[in-house]
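Take a look at the structure set out below.
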2 protein chains.
Amino acid sequence: MNEHVHPSADLTKNQSLVMGALTKSNGPLSAYTILDQLRDHGFRAPLQVYRALDKLVEFGMVHRLESLNAFVACRHPDCDDNETIAFMICEGCGQVNEITDNTLASRLRFLAGQASFALKKSTVELRGLCRSCQAA
Amino acid sequence: MNEHVHPSADLTKNQSLVMGALTKSNGPLSAYTILDQLRDHGFRAPLQVYRALDKLVEFGMVHRLESLNAFVACRHPDCDDNETIAFMICEGCGQVNEITDNTLASRLRFLAGQASFALKKSTVELRGLCRSCQAA
DNA sequence: GGTGTGACGTTATCTCATTACAAGATTGCG
DNA sequence: CGCAATCTTGTAATGAGATAACGTCACACC
């Protein structure tokens, strides 16, 4: 079992299929959209997608976008799933930009610390318009 | 028509009822939980709740927690709905803490600016355990 | 062989949210 | 007043997202 990095080689068949669908897409996909895309490959029920997604998220290969109820492939090769990640989501074209920023992350940790709050996971999602979509 | 501040006096009956339910609760409520609580007051369908919530969110009196699919009454009397707000959500007791932090907000604006991203709304939700729940 | 574990498949169900249509209520104005 | 425009409401139906509960299968390990 490969450790420490994205275990791409160890993915099961279903996990690979779901990962493939997300990688090919240039935007986030909902679980049901993935299901529809994989019906030809034998997928029949939402749970098949959700189980694969759970694992992929656990591996840090996929992120869940809470404000969209959708999932996106991680573009950082060695993305630590515990790290604070921020997403910029364009409401025009649907594109998602993934950014990591230490200043942001440490500010969030500071705020949590001030309140004696044991931080487990941060969700930071910025909605707006990307450069191209502002022109239109 | 619309006002410049929280138009508490201008709430419709349904909006007042929903606002009341959220204010009385010491944690976030889902739309369907609100619906159940208001059945005695004539509420019959989810849409009655969602319509009221839409307006209350628009007025800045209620915030939506994306990671919970739930809603919480704003505790800041003059909360501007455009302002960046962060939530600390305890996974133990369900309590939600609302915090505004200028350093955080300006960092998010900076990151957006760097990418020429026209920021409309920020979602910042921290999950973890509050002080009391860490003891247990 | 027996046992534990993890992935898989299927059905049903649950929660969250919206679409579509109709009826009152209110405001504004000729 | 009479009428249109707009807003709020009510109701039913449906769409979208997620999980529970069952059973099966493959495989590693002793």
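Residue numbers begin at 1 in each chain, while the letters A, B, ... track the order of the sequences.
If you measure from atom OH of A:Tyr50 to atom C1' of D:dA16, you get 8 Å, rounded to the nearest angstrom.
Of the side-chain N and O atoms in A:Asn69, none sit less than 4.0 angstrom from OP1 or OP2 of D:dA16. Look at B:Gln48 and you won't find any side-chain N or O under 4.0 angstrom from OP1 or OP2 of D:dT9. Between B:Thr12 and D:dT9 there is a side-chain polar atom (N or O) within less than 4.0 angstrom of OP1 or OP2. A sub-4.0 Å separation between OP1 or OP2 of D:dT8 and a side-chain N or O of B:Asn14 is absent.
A 4.5 Å side-chain heavy-atom check between B:Val62 and B:Leu22 finds at least one atom pair inside the cut-off.
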Would you mind writing out the side-chain donor-acceptor pairs for residues 128-136 of chain B within the sub-3.5 Å range, not counting sequence neighbours?
from     : atom 1 : to       : atom 2 : distance (Å)
B:Arg131 : NH1    : A:Ser116 : OG     : 3.4
B:Gln134 : NE2    : A:Ser116 : O      : 2.7
B:Gln134 : NE2    : B:Leu129 : O      : 3.1
B:Gln134 : NE2    : B:Cys130 : O      : 3.4

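For A:Ala31, the side-chain contact (heavy atoms from CB on, under 4.5 Å) partners two or more places apart in sequence, or in a different chain, are A:Val49, A:Tyr50, A:Leu53, A:Phe71. In this structure A:Ala45 satisfies the side-chain contact (heavy atoms from CB on, under 4.5 Å) test together with A:Gln48, sequence neighbours excluded.
Checking C:dA7, D:dT9, D:dG17 against every side-chain atom of A:Lys55, the shortest atom distance belongs to C:dA7. Taking every side-chain heavy atom of B:Pro46 into account, C:dA17 is the closest of C:dA17, C:dG9, D:dA18. Residue A:Arg64 has its side chain nearest to D:dA18 when only C:dC16, D:dA18, D:dG10 are considered.
For residues 21-34 of chain A, proximity to DNA chain D is found at A:Ser30, A:Tyr32, defined as any non-hydrogen atom under 4.0 angstrom from a strand atom.
Screening residues 85-106 of chain A for ring-ring contact (aromatic ring centres under 6.0 Å, His included) gives A:His63-A:Phe87 as the qualifying pairs, with residues at least two apart or on separate chains.
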Between the protein and nucleotides 21-26 of chain D, which nitrogen or oxygen pairs come in under 3.5 angstrom?
none

